[in-house]
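Structure record follows, encoded as structure tokens.
Source: prediction; values computed, not measured.
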Amino acid sequence: MTPAPGTSRSHPATLSDVARLAGVSIATASKALNGRSQVRAETRQRVIEAAERLAFRPNQLARGLLVGRSGTVGLLTSDLEGRFSIPILMGAEDAFGAGEVAVFLCDARGDAIREQHHVRALLGRRVDGLIVVGSRTDPRPSLGRELPVPVVYAYAPSDDPADLSIVPDSVDAGRIAVEHLLACGRTRIAHITGDPGYLAARERAEGAGAALADAGLAPVGEPRFGAWSEGWGRAATALLLDRHPDLDAVLCGSDQIARGVMDVLRERGHRVPEDVAVMGFDNWQVLTASSRPPLTSVDMNLEQVGRAAAHALFLAIGGARRSGIETVRGRVVIRESTAPLS
């Protein structure tokens with residue numbers, strides 16, 4: 001392949017090379033190559049063409065930005081056993097590229113003192129940057145502005161607006177869930193969700209309510225907050241049916257809750273989805289696939305949260321630091337529990 005004007009092929013192409021050839025910033029090139037919605041279509045196409053011309057592979061971003069550095073990063077989590085943090089860590093590790101960046105993984109187990117110990121240990125190993133993964137989407141204390149390396153927060157945003165945080169968009173997730181149910185012909189939609197102390201529960205309810213209002217509809221009763229469990233799903237559904245026997249859809253704040261909802265609907269003689277559509281959140285395969293019928297659920301794209309955090313860290317290591325909270329959209333995974341009305 002002939003080298004592009006002004007570029008050298010004595011080394012593998014970097015994201016900086018792609019950005020230069022496309023005439024955009026490194027941040028814009030990264031967004032374009034990762035499918036971020038903030039980039040105009042013509043700009044995205046120009047970046048893609050530049051990447052193809054240079055034979056650029058995304059995991060070369062690590063090589064390009066870590067030249068002269070230790071080539072190591074730290075992943076610090078507070079919930080290594082959690083099924084939310086693990087997909088994020090997997091996505092981040094994928095973005096780092098196998099064998100190209102050494103990753104030190106530390107579990108603080110929700111202990112602030114242990115977390116500080118791990119931070120000191122990671123800095124002692126001369127890591128080039130840190131990704132801090134939370135166990136829930138509520139804001140968490142910042143590690144501070146005095147650290148000698150860039151830090152990106154994933155899932156749980158930092159409480160300091162000067163930090164960069166990559167989080168799932170829970171408000172939009174509630175909205176797209178209701179939009180799916182509306183597209184299936186449902187108009188009498190109830191919402192049963194989890195602990196109101198969780199920001200994710202409140203934001204999902206906010207998005208769901210906004211989508212109903214935009215459609216000129218009222219929810220069936222107020223959102224019912226409780227536990228993230230099948231037991232709460234069963235109890236809430238029994239109360240719901242006693243007061244609103246004519247409902248035609250239930251949006252659940254988690255897949256566990258949805259399983260309990262479907263149990264009671266079946267016991268009361270309601271068919272899913274013919275009589276009542278049921279929808280969950282989190283797309284936990286062990287539950288969605290084994291439900292009767294298989295459960296439609298909102299996938300929060302947690303691996304993409306991890307990949308976006310890793311790419312943001314690479315850019316920060318290269319000097320292109322950002323701040324604030326950036327969101328990653330979820331997606332509806334459609335299964336038989338919400339088939340359209342015939």
Which pair of heavy atoms, one from F281 and one from R204, lies closest together, and at what distance? CB-NH1, 3.4 Å
Counting only heavy atoms not in H244, do more than 12 sit closer than 6.0 Å to its NE2 atom? yes
Under a plain distance cut-off of 3.5 Å, with no hydrogens placed, do R335 and N283 share a side-chain donor-acceptor pair? yes
Using the rule that two of Ile, Leu, Val, Met, Phe, Trp, Tyr join whenever any of their side-chain heavy atoms come within less than 4.5 Å, decide whether L313 and V149 are in one cluster. no
Got I317 and D128 here, is their nearest side-chain heavy-atom distance under 4.5 Å? yes
Is the closest side-chain heavy-atom distance between D195 and F225 below 4.5 Å? no
Evaluate the side-chain proximity of R44 to V47: yes if any heavy-atom separation is below 4.5 Å, no if none is. no
Residue pair V333 / V298, side-chain heavy-atom distance below 4.5 Å: no
Verdict with reasoning, T296 to H180, per side-chain hydrogen bond (donor to acceptor under 3.5 Å, both in side chains): CA-CA 10 Å; T296 294; H180 169 70; 4.6 Å; no
Kindly compute the distance separating CD (Q256) from CD (E230), expressed to the nearest 0.5 Å. 7.5 Å
Non-hydrogen atoms of R186 and E274 that approach each other most closely: NH1-O, 4.1 Å
Test log, rule side chain to side chain contact (heavy atoms under 4.5 Å, CB included), inputs V133 and L76: CA-CA 6 Å; V133 182; L76 181 60; over 6 Å; no
Taking atom CZ of R109 as the centre, report whether more than 12 heavy atoms of other residues, nucleotides or ligands fall under 6.0 Å from it. no
For N301 and Q304, indicate whether the former's side chain and the latter's backbone hold a donor-acceptor pair under 3.5 Å. no
Non-hydrogen side-chain atoms of V276 and D248 separated by less than 4.5 Å: no
Can you name the nearest heavy-atom pair linking S290 to R259, along with the distance? OG-NH1, 3.1 Å
Min side-chain heavy-atom separation R307-E93 under 4.5 Å: no
Least distance between heavy atoms, A154 atom then V305 atom: CB-CG1, 4.2 Å
Report yes or no: does R266 contribute a side-chain atom to a donor-acceptor pair with the main-chain N or O of R292 at less than 3.5 Å? yes
Check against side chain to side chain contact (heavy atoms under 4.5 Å, CB included), D172 and T327: CA-CA 10 Å; D172 182 70; T327 57; over 6 Å; no
Checking side-chain polar atoms at under 3.5 Å, does S142 have a donor or acceptor matched by the opposite partner on D163? yes
Do you reckon V132 sits in the same ILVMFWY cluster as V167, going by side-chain contacts under 4.5 Å, direct or chained? no
Do L164 and L302 sit in one hydrophobic cluster, given that two such residues count as connected whenever their side-chain heavy atoms are within less than 4.5 Å of each other, even indirectly? yes
Going through the checks in order, is the side chain to side chain contact (heavy atoms under 4.5 Å, CB included) test met by V73 and I131? CA-CA 8 Å; V73 296; I131 292 180; over 6 Å; no
Do the side-chain N and O atoms of D282 and S254 include a donor-acceptor pair separated by under 3.5 angstrom? no
Check whether Y155 forms a cation-pi arrangement with R136 (NZ or CZ under 6.0 Å from the six-membered ring centre, at most 45° off the ring normal). no
Roughly how far apart are T193 OG1 and W228 CH2, rounded to 0.5 Å? 4.0 Å
Does NZ or CZ of R125 come closer than 6.0 Å to the centre of the six-membered ring of F104, within 45° of the ring's axis? yes
Residues P196 and R202: closest non-hydrogen pair is O-NH1, 2.8 Å
Heavy-atom side-chain contact between V261 and R234 under 4.5 Å: no
Which heavy-atom pair separates R268 from A238 by the least distance, and what is that distance? NH2-O, 3.5 Å
Does D169 come within less than 4.0 Å of R329, counting only side-chain N to carboxylate O? no
Once rounded to the nearest 0.5 Å, what's the spacing between atom SG of C106 and atom CG of L122? 4.0 Å
I189 versus L212: any side-chain heavy-atom pair under 4.5 Å? yes
More than 12 heavy atoms of other groups within 6.0 Å of R126 CZ: no
Using a strict threshold of under 4.0 Å (side-chain N to carboxylate O), is an ion pair present between R140 and D159? no
Could you tell me the separation between the CD1 atom of I113 and the NE2 atom of H118, rounded to the nearest 0.5 Å? 12.5 Å
Evaluation steps, side chain to side chain contact (heavy atoms under 4.5 Å, CB included), between Y153 and L143: CA-CA 10 Å; Y153 297 81; L143 293 181; 3.4 Å; yes
Can you hop from L147 to V127 via hydrophobic side chains spaced under 4.5 Å? yes
Do M300 and L89 share a hydrophobic cluster, counting only Ile, Leu, Val, Met, Phe, Trp and Tyr and linking them when any side-chain heavy atoms are less than 4.5 Å apart? yes
Going by side-chain contact (heavy atoms from CB on, under 4.5 Å), M279 matches just one of L295, V250, D255, V332. Which one? V332
Distance (rounded to the nearest 0.5 Å) between T77 OG1 and E115 CD: 9.5 Å
Between the main-chain N or O of V278 and the side-chain N or O of S337, is there a donor-acceptor pair closer than 3.5 Å? yes
Rounded to the nearest 0.5 Å, what separates atom OG1 in T237 from atom CG in L241? 6.5 Å
Lys/Arg N to Asp/Glu carboxylate O, D214 vs R175, below 4.0 Å: yes
CD (E222) with more than 12 external heavy atoms under 6.0 Å: no
